[in-house]
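Comments concern the structure below.
Every heavy atom of this structure was used, including side-chain atoms; hydrogens, water molecules and symmetry mates were not. What you see is a predicted model, and the numbers here were worked out from it, not measured in a lab. FYI, the numbering just counts along the sequence from 1.
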Amino acid sequence: MFPKMRRSKQALSPEEMESILLGGTSGVLALQGEDGYPYAVPLSYVYTDGKFYFHCAKAGHKIDAVRRSPKASFCVISQDQVVPEEYTTYYRSVIAFGTVRILEGDDEIRRAIETLSVKYAPEDTPAGRSRVIDRAWDRLCILELTVDHMSGKQAIELVSQG
């Protein structure tokens, strides 16, 4: 179903991919938009236990796209160093493919938003995070992307650097 990476020498290991996903702060979620157009949107995320979580509004283009088709991809770039003298870019990136669902239960929504909150506001107290979450609770929607397949790749120049 998923094609084999053509330049397998440049493939990242599962450990390298996980390191990129745990250390990243944003990525691009790609969904099926209206009239067959792709819809790609940059988002903050948290990755845990083989799943990505994103917070969003309860209405809009993103939610419409998820309801249209739950299949998605999410890309995180950890390195993007343009090297003009070589006419290339030294990059590292991960692309995950999977299925998105809108979380429904209060418990799973609370767990996901707390995990996101700890990632982006690690110095805040649990009580402080809870106050912020409670203020936004009525407007809050959480998406969960369960990974079916993932690949990571780096520039050939980085492979040779070891």
* To do: Please report the closest heavy-atom contact between Val82 and Pro84, naming both atoms and the distance.
  => O-CD, 3.4 Å
* Can you tell me if Tyr120 uses its side chain to pair, donor with acceptor, with the backbone of Tyr45 under 3.5 Å? -> yes
* Please lay out, stage by stage, how Arg101 and Leu103 fare under the test side-chain contact (heavy atoms from CB on, under 4.5 Å). => CA-CA 6 Å; Arg101 74 180 181 100; Leu103 297 186; 3.3 Å; yes
* Could you pull out all residues at least two apart from Tyr91 that satisfy side-chain hydrogen bond (donor to acceptor under 3.5 Å, both in side chains)? => Gln10
* Asked: What pair of heavy atoms forms the shortest contact from Ile95 to Ser73, and how long is it?
  -> CG2-CB, 4.3 Å
* Looking only at heavy atoms, what is the nearest atom pair of Ser26 and Val76, with distance? -> O-CG1, 3.9 Å
* Which atom of Leu145 lies closest to which atom of Gly98, heavy atoms considered -> CD1-C, 3.5 Å
* **Parallel, tilted or perpendicular: rings of His61 and Tyr39 (30°, 60°)** => parallel
* Do Cys56 and Leu143 have side-chain heavy atoms sitting under 4.5 Å apart? -> yes
* Taking all non-hydrogen atoms of both residues into account, name the closest pair between Ser13 and Glu16 and its distance. => N-OE1, 2.7 Å
* Atom pair OG1/CG of Thr89 and Asp80 - distance to nearest 0.5 Å -> 6.0 Å
* **Distance (rounded to the nearest 0.5 Å) between Ser130 OG and Ile113 CD1** => 11.5 Å
* Asked: Checking side-chain contact (heavy atoms from CB on, under 4.5 Å) for the pair Ile63/Lys58: CA distance, chi angles, key distance, verdict?
  -> CA-CA 7 Å; Ile63 295 299; Lys58 289 184 174 184; 6.0 Å; no
* To do: Would you indicate whether the side-chain heavy atoms of Val66 and Arg68 approach each other to under 4.5 Å?
  => no
* To do: For the pair Arg129 (side chain) and Asp124 (backbone), establish whether a donor and an acceptor sit closer than 3.5 Å, ignoring hydrogens and angles.
  => yes
* To do: Answer yes or no: are there more than 12 heavy-atom neighbours, outside Asp49 itself, under 6.0 Å from its atom CG?
  => no
* Asked: When clusters are formed by joining ILVMFWY residues with side-chain heavy atoms under 4.5 Å apart, either directly or through shared neighbours, do Val94 and Leu22 land in the same one?
  -> yes
* Report yes or no: does Thr115 contribute a side-chain atom to a donor-acceptor pair with the main-chain N or O of Arg111 at less than 3.5 Å? => yes
* **Min side-chain heavy-atom separation Asp106-Trp137 under 4.5 Å** => yes
* **Heavy-atom pair with the smallest gap, counting every atom of Leu12 and Ser93** => CD1-O, 3.7 Å
* Side chains of Ile102 and Arg67: does their closest heavy-atom pair fall under 4.5 Å? -> yes
* To do: Return yes when atom CZ of Arg139 has more than 12 non-hydrogen atoms of other residues, nucleotides or ligands closer than 6.0 Å, and no otherwise.
  => no
* 4.5 Å side-chain heavy-atom contact, Ser117 and Ile133 -> yes
* For residues Ile142 and Leu116, determine if any side-chain heavy atom of one lies less than 4.5 Å from a side-chain heavy atom of the other. => yes
* Structure fact -> Distance col, row Tyr47:OH vs Tyr53:OH, nearest 0.5 angstrom, shows 11.0 Å
* Hey, does Leu29 have a side-chain heavy atom less than 4.5 Å from the side chain of Phe52? -> no
* Report yes if some heavy atom in the side chain of Glu86 is under 4.5 Å from a heavy atom in the side chain of Glu157; otherwise report no. => yes
* Stepwise, does the side-chain contact (heavy atoms from CB on, under 4.5 Å) test hold for Met17 with Ser78? -> CA-CA 10 Å; Met17 289 189 290; Ser78 73; over 6 Å; no
* **ILVMFWY network linking Tyr90 to Ile77, side-chain heavy atoms under 4.5 angstrom** => no
* **Connected via hydrophobic side-chain network under 4.5 Å: Val28 and Phe54** => no
* To do: Enter the distance from Thr48:OG1 to Glu18:CD here, rounded to the nearest 0.5 Å.
  => 8.5 Å
* Has Glu85 got more than 12 heavy atoms of other residues, nucleotides or ligands less than 6.0 Å from its CD? -> yes
